[in-house]
Amino acid sequence: MNECERIEQSLGRWLDGELSAAESEVVRAHVSGCARCGAAQKTFEKLERVIGNVLVAAAPRIEFASFWRDLERRMHDRPPWHKELGERVHAWFAAPRTAWVIPALIVVVLAVFSYDSYFPFWRSRSNLATVESIDAYGRSVAILREDESKTTVIWLYQNQEGDDEAAEETPQPGPAF
Amino acid sequence: MKLLKKLPSRVLLFSWLTLVAAGTLGAAEKQPQTVQVSIGTILASNQSDEFDAKLKGMEGQLKVLKYRSYRLLKNESQSVPWRGEKVFEIPGGRTLTVTPQEFRDNQVSVKVRLTQGQKPALDTTVKIPNKRNFILAGPQHEGGILVLSISASAQ
């Protein structure tokens, strides 16, 4: 790419005032001494003038009132709820704060599942023993569970004939609870 | 600034690692090697108003039984391996065989068999919260009844 090609690529931005002072000075110095680039500059300027004239001439015919009304209506109109929800969800998950919410949730879940390790006195019903199976070989049994003292009692009744030592003892009426 | 930009992704990564670690540790709940089984043999009767001072810690539980007198006859503690049997001698020619079954959710599951001489009197499996007890009551003895406090502590 020679110098003229580089300058021609910068011409549009130079004419629009988008180049830095140093760059502008390089382009200006080149254009003033180069017939080819000078012609390109004139072409650009002519094109700008033509487009400008067309726009200025057409502007009065454009219906700006309806444009503004339409814009205003679109600003006030709410999007459908599902679209709005979708946008909110997307924005929420895209936000960096999500990164903090996940560890917070993990901490909460771990706390819920391990609280009784730290606060054993909070355990209530779980502190009671549970009878899973029982066989009293024909004798009657009663199971008592008492919350206040965390007591589970299996009460075994003596059979009618009495066991080995029962005959010589005062018979008990059974559980007193 | 570069570090701050990467912070959310690093926090996310750390979160997932924490979650995985927590899950792994939770799944690998340690199975205790042995269970310390304690049997307290208490004589409950209505013949006096004596309350054995050694039973002070169980007073609330014993009151549920509504007897007037409680006396500790024997207290025995043994370390029992999982699925292993231990036989405890109970006054009146009885025996209590205890077999720890498993440890889950901080509860010890134990199989208990009470025999009177050679005859089985009771077979039961009870899930006891670790380091707590349950009571087996009813066998008659010396004008009262025997109250057996069976506790298990996984170690």
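Just so it is clear, the model here is predicted, and its values are computed rather than measured.
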Worksheet item: Checking heavy atoms, do the side chain of Val109(A), its backbone, both or neither come under 4.5 Å from chain B?
Response: neither
Response to the item:
Max heavy-atom pairs within cutoff under 4.5 Å with chain A, candidates Val147(B), Ile135(B), Val108(B), goes to Ile135(B)
Worksheet, complete the sentence: Tightest non-hydrogen contact, residues Thr151(A) and Gln61(B), listed as OG1-CG, 3.1 Å
Practice prompt. Indicate yes or no: does Asp52(B) engage Arg71(B) in a salt bridge with an N to O separation below 4.0 Å.
Written response: no
Worksheet item: Do you know which two heavy atoms are closest between Leu128(A) and Arg145(A), and how far apart they sit?
Response: CB-NH2, 3.2 Å
Worksheet item: Is there a donor-acceptor contact under 3.5 Å linking the side chains of Ser66(A) and Glu63(A)?
Response: no
Worksheet item: What part of Ser149(B) is in contact with chain A, defined as an atom under 4.5 angstrom from a non-hydrogen atom: side chain, backbone, both or neither?
Response: neither
Worksheet item: Which bit of Leu114(B) is near chain A, if near means a heavy-atom gap under 4.5 Å: side chain, backbone, both or neither?
Response: side chain
